Amino acid sequence: MNLSPITRRRLGNFRANKRGWWSFWIFLALFLVTLFAEFIANDRPLLVRVDDRWLVPVLIDYAETDVVEDGLPTDADWHDPEMEKAIAERGWAIWPPIRYAHSTVVRNLGRPAPAPPSARNWLGTDDQARDVAARVIYGFRISVLFGFTLTIIASVIGIAAGAVQGFYGGLTDLLFQRFIEIWSGMPQLFLLIILASIIQPSFWTLLFFLLLFSWMGLTGVVRAEFLRGRNLDYVRAARALGVSDAALMFRHILPNAMVATLTFLPFTLSGSVTVLASLDFLGFGLPPGSPSLGELLSQGKNNLQAPWLAFTGFVVLGGVLTLLIFVGEAVRDAFDPRKLPGGAT
């Protein structure tokens with residue numbers, strides 16, 4: 001692949017920031033692993049061989065009669081002792097490393113929930129007897145996916161709004177700025193409380209609500225770049241040649257504006273993850289029972305006798321945010337024009 005000199009310089013500066021470089025790969029590895037959470041933590045086997053028949057419970061729902069002839073025509077309970085015994089006698093099953101999904105209630109704990117970490121439950125159970133390790137894996141995935149979705153959509157809207165403001169200026173910029181000042185002063189938490197009292201928040205409901213306010217984060221940066229870029233000589237020359245406003249904005253000015261914008265994206269992503277965790281901690285986030293890092297922290301607050309809950313939530317959430325901040329610092333160094341190749345200043 002032929003890379004331009006400036007792209008090679010930016011990649012070199014990104015690699016030179018060892019902390020950000022390794023944080024990027026660690027975060028990417030964790031994200032890719034949790035994308036396949038169903039194959040890591042599940043209350044269903046990955047593969048079952050019974051009476052010369054192959055079953056894939058992790059992908060397909062089976063009734064008990066599909067597994068054993070004398071079963072019931074209901075969904076198979078793979079943790080049922082009788083089911084496990086029948087499979088062991090007539091075949092075999094391959095289980096994921098963690099035999100519980102995020103919503104599975106662990107049976108026969110031998111003590112009241114929450115139960116401490118053990119060989120059976122690596123990070124213990126919460127106060128509803130659900131496996132904490134499984135909930136962390138699913139919670140990490142949904143938090144990062146929510147953060148990515150919110151960051152991408154909010155960035156697109158914010159960049160478009162800032163581009164229109166900065167390019168046209170004048171009355172358009174003035175009215176848009178007044179609108180942003182009023183809109184940013186809205187009490188988001190109070191509005192969310194009102195929303196939660198009317199409807200049950202869900203992933204998409206929260207995403208839409210937070211999107212109403214999150215798009216303003218990049219508008220100011222893009223607006224400033226367009227205000228500066230629209231008066232550059234090559235933009236004026238293109239305008240004199242009859243180039244359309246859309247082409248001027250997205251072909252000539254936007255690439256320069258994106259340099260400043262990209263440095264903010266990792267920090268915007270970390271902020272989106274934090275917002276979801278905060279709402280879940282306060283009880284205004286995802287529906288009850290959803291795997292959530294914020295809900296795990298809330299359980300730790302309510303169960304001080306089970307310190308593993310708060311410790312796990314703090315380490316996971318703090319680790320994710322730390323990795324994203326380090327990646328953001330590396331991206332900032334990569335796009336810093338004062339940085340020489342190799343990270344020198």
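It should be emphasised that the depicted structure is a prediction, and the values quoted were computed from it without experimental measurement. Below, all heavy atoms of this structure are taken into account, side chains as well, without hydrogens, waters or symmetry copies.
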Any H252 side-chain heavy atom under 4.5 Å of Y234 side chain: yes

Exceeds 12 heavy-atom contacts within 6.0 angstrom, atom CG of D233: no

Salt bridge present between E38 and R44 (N-O < 4.0 angstrom): no

Flag for Y100-R120: side-chain donor and acceptor within less than 3.5 Å: yes

Separation between OG of S143 and CG of L286, rounded to the nearest 0.5 Å: 7.5 Å

Basic-acidic side-chain contact under 4.0 Å: R49, D52: yes

Greater than 12 external heavy atoms within 6.0 Å of F264's CZ: no

Test log, rule side chain to side chain donor-acceptor pair (under 3.5 Å), inputs N17 and D333: CA-CA 8 Å; N17 190 319; D333 290 347; 2.9 Å; yes

Sole candidate of F209, F190, F284 that passes side chain to side chain contact (heavy atoms under 4.5 Å, CB included) when paired with L195: F209

Aromatic ring proximity F24/F326, centre distance under 6.0 Å: no

Close side-chain approach of D131 to I98, heavy-atom, < 4.5 Å: yes

Heavy-atom side-chain proximity of P116 to W308 below 4.5 angstrom: yes

ILVMFWY network linking I137 to V132, side-chain heavy atoms under 4.5 angstrom: no

Short side-chain donor-acceptor distance under 3.5 Å, Q177 and E181: no

Spacing of D245 atom CG and F250 atom CZ [to the nearest 0.5 Å]: 10.5 Å

Rounded distance (nearest 0.5 Å) linking atom CG of L265 with atom CG of L324: 11.5 Å

More than 12 heavy atoms of other groups within 6.0 Å of F179 CZ: yes

Stepwise side chain to side chain donor-acceptor pair (under 3.5 Å) check, T268 with T151: CA-CA 6 Å; T268 305; T151 299; 5.9 Å; no

Option passing ring pair (Phe, Tyr, Trp, His ring centres under 6.0 Å) with F146 (candidates F203, F208, W204): F203

From CG (L211) to CG (L206), nearest 0.5 Å: 12.0 Å

Pairwise side-chain contact, I142 with L293, heavy-atom cut-off 4.5 Å (strictly under): no

Rounded distance (nearest 0.5 Å) linking atom CH2 of W95 with atom CG of L47: 12.5 Å

N/O donor-acceptor pair under 3.5 Å between R135 side chain and H102 backbone: yes

F281 vs L317 side-chain heavy atoms within contact, under 4.5 Å: no

Enclosure of F148 CZ (heavy-atom neighbours >12, cutoff 6.0 Å): yes

Over 12 foreign heavy atoms within 6.0 Å of CH2, W92: yes

Short N-O contact, D43 and R99, less than 4.0 angstrom: no

4.5 Å side-chain heavy-atom contact, V48 and Y62: no

Result of checking F27, W21, W22 against W25 for ring pair (Phe, Tyr, Trp, His ring centres under 6.0 Å): W21

Salt-bridge contact E295-R130 (side-chain N to carboxylate O under 4.0 Å): yes

Student check: side-chain heavy atoms of T219 and Q165 closer than 4.5 Å: yes

Ion pair check, R230 and E225, cut-off under 4.0 Å: no

Donor-acceptor contact present, side-chain D126 to main-chain Q128, <3.5 Å: yes

Residue R251 excluded, over 12 heavy atoms near CZ under 6.0 Å: no

Minimum side-chain heavy-atom gap T322-V320 below 4.5 Å: no

Straight-line distance of L210 CG to W215 CH2, nearest 0.5 Å: 14.5 Å

